[in-house]
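Only one structure is covered here, and it is reproduced in the block below.
Every number for a ligand or one of its atoms is a count from 1 in the order of the listing.
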Amino acid sequence: MKYGYPPLIIPVFLPAMGCREHCLFCNQKASVGNLPSPVSVRSFIEASLPAFPSERKEGEKQIAFYGGSFTAIHRDDQVRYLKEVQPFLAAGLIDSIRISTRPDALGEETLSLLKEYGVKTVEVGVQSMIDEVLFLARRGHSVADTVDAVSRLKDKDFEVGLQLMIGLPGDTLDRFIQTLDRVIELKPDFLRIHPTLVLKGAPLEDLWKAGEYSSMPLNEAIQWLKKGILKLEKSSIRVARIGLQPTNELKRDYLAGPYHPALHQLVDSAIFFDMATSLLQRVPKNGQALFFCHPREASNLRGQRNENILKLKKDFNLSEILIEERKELPKGFLGLRTQKGEVSVERRFLFH
Ligand code: SF4
């Protein structure tokens, strides 16, 4: 990550622009007709720039064209939008551009255009590396399209982010793990992973209403994501986000599915629950347990509303669980004091 900080992003949403397909899970078609004009994009950027926090001057500043498939819209429109950003790049107010798009809309000519106009980061909607899942999700592209697009993006030195989904029709935990294996081979710079939600206006709504699709329970999503995150940590691919941003649109359109505004934190808490369990299984209990960890991991160990502590007490018949915060410990580490000394576990060794 350049500058050692996550980028500061001004997001410009171009809903469903360029979408040839109507993907099963997506309700963005509902927004067509409200596309911003290139000129309004410039005003939006001007209005957004002062909001960049001054104490993060060293963070890379990006304009992101999110929403539909940027590179699938007409070439002239891509150029119009990209041109609006050029004065900000030239003045040093913005460092680079990021776009999101589909794997089958990244031909050689398109990549040259993106380079020419200062696009640095390309986020690709991969969703799954299983062709049957892509077909059932009506994506209109194949796994081979993704492999081809990512390798060409990397050849041209773009920063590559991939978006994956869990819980689409035909998806299984095994298929999700296979997807991660294939994605790790592609060596992207970062990933986003979103559970499938049923949204008003998406074709999936009809399947769900007809009883032909059941959304994944939140607990199951956490278990899948826990396995996935631990696997990815071994590969050192950064996970930029888990779960959709809590927006007003999401609040308005959400019908069903494993949504939680702090999903990543729930997954980390589930990982710490497993770590604590593995330690408690290794030592004789005497009614009390004293764990130690980095101060920033204490909340992961406790879990939301102290859930981990309550469950560990019940599972191991403990009257009290104490947590000692030790600044010198690395993150991802958990120790337990025993009568004979101390035992510990690191989250990076948890996946098998
Ligand atoms: S998921 Fe992306 S490609 Fe599919 S309809 Fe929505 S915006 Fe278009």
Are side-chain heavy atoms of [X] and [Y] found at a separation under 4.5 Å?
| X | Y | answer |
| --- | --- | --- |
| Arg98 | Pro11 | no |
| Phe65 | Thr101 | no |
| Leu334 | Leu329 | no |

message: Can you pull out every salt bridge (Lys or Arg N to Asp or Glu O under 4.0 Å) where at least one residue sits in residues 207-217? Sequence neighbours excluded, please.
response: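 Pairs touching residues 207-217 that pass the test: Glu205-Lys209.
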field: Connected-component partners of Leu199 among ILVMFWY, side-chain separation under 4.5 Å
entry: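 Leu199 shares its hydrophobic cluster with Leu197, Leu244, Leu250, Tyr254, Tyr259.
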Which of the atoms in ligand 1, numbered in the order shown and given with their element, are less than 4.0 Å from a heavy-atom of [X]?
| X | value |
| --- | --- |
| Arg139 | 1 (S), 3 (S), 4 (Fe) |
| Ser69 | 3 (S) |
| Cys23 | 1 (S), 3 (S), 4 (Fe), 5 (S) |
| Phe25 | 1 (S) |

task: Answer yes or no as to whether an N/O/S atom of Cys26 is found below 2.8 Å from atom 6 (Fe) of ligand 1.
output: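 Within the cut-off used here (under 2.8 Å), Cys26 does place an N, O or S atom near atom 6 (Fe) of ligand 1.
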